[in-house]
*Asks:* 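One structure coming up, written as structure tokens, with questions to follow.
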Protein chains: 2
Amino acid sequence: MPEAITQSIQDYLKHIYELNEHGGAASTNDLASRLSVAPASVTGMLQKLANSQPPLVIYKKHQGVRLTKNGEKAALEVIRHHRLLETFLVKTLGYSWDEVHCEADKLEHVISENFETRMAAALGNPTRDPHGELIPTADLVMPADESCPLASLRADETATIRRVSADDPALLRHLHKIGVVPEVKITVKNYSEFDGNLTLQVEGQKSNIVLGTAVTNQVFVEKEN
Amino acid sequence: MPEAITQSIQDYLKHIYELNEHGGAASTNDLASRLSVAPASVTGMLQKLANSQPPLVIYKKHQGVRLTKNGEKAALEVIRHHRLLETFLVKTLGYSWDEVHCEADKLEHVISENFETRMAAALGNPTRDPHGELIPTADLVMPADESCPLASLRADETATIRRVSADDPALLRHLHKIGVVPEVKITVKNYSEFDGNLTLQVEGQKSNIVLGTAVTNQVFVEKEN
DNA sequence: AATAAAATTTAGTCTAGCCTAAATTTTAGA
DNA sequence: TCTAAAATTTAGGCTAGACTAAATTTTATT
């Protein structure tokens, strides 16, 4: 019989998923810092996950870790919970988009399938959360993401903001204030080759804004066709 | 500094509170069966709670346990969470009153003060949950309960149902079906001295019903003045 | 290719909260 | 009041998931 997927394991799987999305295998150190846990603790858990029945990860010493199909399903379940919860907190309880992360991080581990289903239905089965992140479907498939970093745009390009993959509440509040939120159209007025700064015209805003790469790498857009 | 109040401790305090409400001190065995834990485990936890700084319970060997002021506040916090959550699940997500208990038992430990406040506001600061249980106030005071067991009524007495303190989902579904829910008026048509059965006329229902003491002891009413 | 630095793993501990078995205390009935 | 049964506590263990310190492997730099 499959061993229990504890809250702690859910957190490991979720972060491995996110690290796998970007670079290839997730490293011990990256996981440790994301989970706020000592690297040695990560090694121990990875060994356990790799030896569980069925295995949730594929792990080779010193070479990082990847999710198995089973591990990915478990990860997507947690991510679906998280993103539905963020949406629910904003839509139903009036949270702002910079407040929802912590709350969802705790709730994601304890809600039932029943809760998930009712919440999704109450929200009209949304496909994106308040930050524009894609919500895995009920049968645990992650929709394809067509967006690219805002940082990759150049002068005169026009695009629609799709997601803001930032955690920092202060940054989120700032971006909200200057109108940099999902589904808003922007046009690049200038690109600085020295620092990568972009000058943007934001739909619905009076004056242009300048954003550095630390920010534009966290904002994802779809270019005008 | 006060030690952390873990989920496990919250569960102990909640059940000690409920046992203190009825009989005096809560016994080791009663706690063990409510918590689904071995009696020896309860003894260990009670010693810990009594020695914590500040103490959360007063405990003397073989004589059961009572909450201190601090312990009571912590218990009421959890109970407030639980009852607000039950109300929220019914009102906002369309749960039926027999489904909410398990879900609330998990969520009660993880929601923030922010969540509690927003939820209470969204519900209009309710004073009772879907079963009619009183909800502790935001400053953690339990309102006085004026009700008495339905089982204590006799023929010709009329009363209003205030709460249904039952856990069993099947019983709850049955009571809902026959209209035995909070705020409904009932009249006792007959009392049987042999088995304690009550024959009731239930407001809004066509035919009378007969309920045994196993049920009437779990339903609480306020008599007509 | 040598070596220093960084990353990772091993080894050994710790804590919370549970467990069982055995010992003890309390309670109830003859 | 004595004794059997019930309730409770003690003693000793276990597991998950964290930790630190030390050992090892990998990577990067000269």
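Computed over heavy atoms, backbone and side chain alike; hydrogens, waters and symmetry mates excluded. Order of the sequence lines fixes the chain letters, A, B, ..., with proteins taken first and strands second; residue numbering starts at 1 for each chain. Keep in mind that what you see is a predicted model, and the values were worked out from it rather than measured.
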*Asks:* Hey, can you pull the donor-acceptor pairs under 3.5 Å for the side chains in residues 18-26 of chain A, sequence neighbours left out?
*Replies:*
residue  : atom : partner  : partner atom : Å
Glu18(A) : OE1  : Arg34(A) : NH1          : 3.0
Asn20(A) : OD1  : Leu67(A) : N            : 3.2
Asn20(A) : ND2  : Gly24(A) : O            : 3.1
Asn20(A) : ND2  : Val65(A) : O            : 3.3

*Asks:* Using a 4.0 Å heavy-atom cut-off across all strands, classify Thr28(B) as base, sugar-phosphate, or nothing.
*Replies:*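 Since only primed, P, OP1 and OP2 atoms lie under 4.0 Å of Thr28(B), the category is sugar-phosphate.
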*Asks:* Donor-acceptor check, side chain of Glu103(A) to backbone of Ile111(B), threshold 3.5 angstrom: yes or no?
*Replies:* no
*Asks:* May I ask you to say whether Arg80(B) pairs ionically with Glu77(B), meaning some side-chain N is under 4.0 Å from a carboxylate O?
*Replies:* no
*Asks:* Using ring-ring contact (aromatic ring centres under 6.0 Å, His included) as the criterion, list what pairs up with His131(B), not counting sequence neighbours.
*Replies:*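 His131(B) satisfies ring-ring contact (aromatic ring centres under 6.0 Å, His included) with Trp97(B) only.
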*Asks:* Say whether Asn29(A) and Ser27(A), considering side chains only, have a donor N or O and an acceptor N or O under 3.5 Å apart.
*Replies:*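 No.
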*Asks:* Using atom names, set out every protein N or O paired with an N or O of nucleotides 14-18 of chain C below 3.5 Å, distance rounded to 0.1 Å.
*Replies:*
residue : atom : partner  : partner atom : Å
dG17(C) : OP1  : Thr6(B)  : OG1          : 2.5
dG17(C) : OP2  : Lys48(B) : NZ           : 2.2
dC18(C) : OP1  : Ser8(B)  : OG           : 3.4
dC18(C) : OP2  : Ser8(B)  : OG           : 3.4
dC18(C) : OP2  : Tyr12(B) : OH           : 3.3

*Asks:* Backbone N or O of Gly132(A) within a donor-acceptor pair of the Arg162(A) side chain at under 3.5 Å?
*Replies:* no
*Asks:* First and last nucleotide of DNA chain D in contact with chain B, 5' to 3', at under 4.0 Å to a heavy atom: what are they?
*Replies:* dA7(D) to dT10(D)
*Asks:* Hey, does the side chain of Arg66(B) reach the backbone of Ile58(B) with a donor-acceptor pair shorter than 3.5 angstrom?
*Replies:*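 Pair absent, no side-chain N/O of Arg66(B) close to backbone of Ile58(B).
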*Asks:* Within residues 55-63 of chain A, which residues have any heavy atom lying less than 4.0 Å from an atom of DNA chain D?
*Replies:* His62(A)
*Asks:* Arg118(B) side chain to Gly94(A) main-chain N or O, any donor-acceptor pair under 3.5 Å?
*Replies:* yes
*Asks:* Assess Arg163(B) against Phe220(B): is NZ or CZ under 6.0 Å from the centre of the six-membered ring, and within 45 degrees of the ring's axis?
*Replies:* yes
*Asks:* Of all of residues 101-112 of chain B, which get a heavy atom below 4.0 angstrom from DNA chain D, listed by number?
*Replies:*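 Result for residues 101-112 of chain B: none.
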*Asks:* Give a yes or no on this: more than 12 heavy atoms of other residues, nucleotides or ligands lie within 6.0 Å of atom NZ of Lys91(A).
*Replies:* no
*Asks:* Determine whether the side chains of His82(A) and Asp129(A) contain a donor N or O and an acceptor N or O closer than 3.5 Å.
*Replies:*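 Distance-only check fails for His82(A) and Asp129(A).
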*Asks:* Examine the side chains of Asp139(A) and Thr137(A) and answer whether a donor and an acceptor come within less than 3.5 Å of each other.
*Replies:* yes
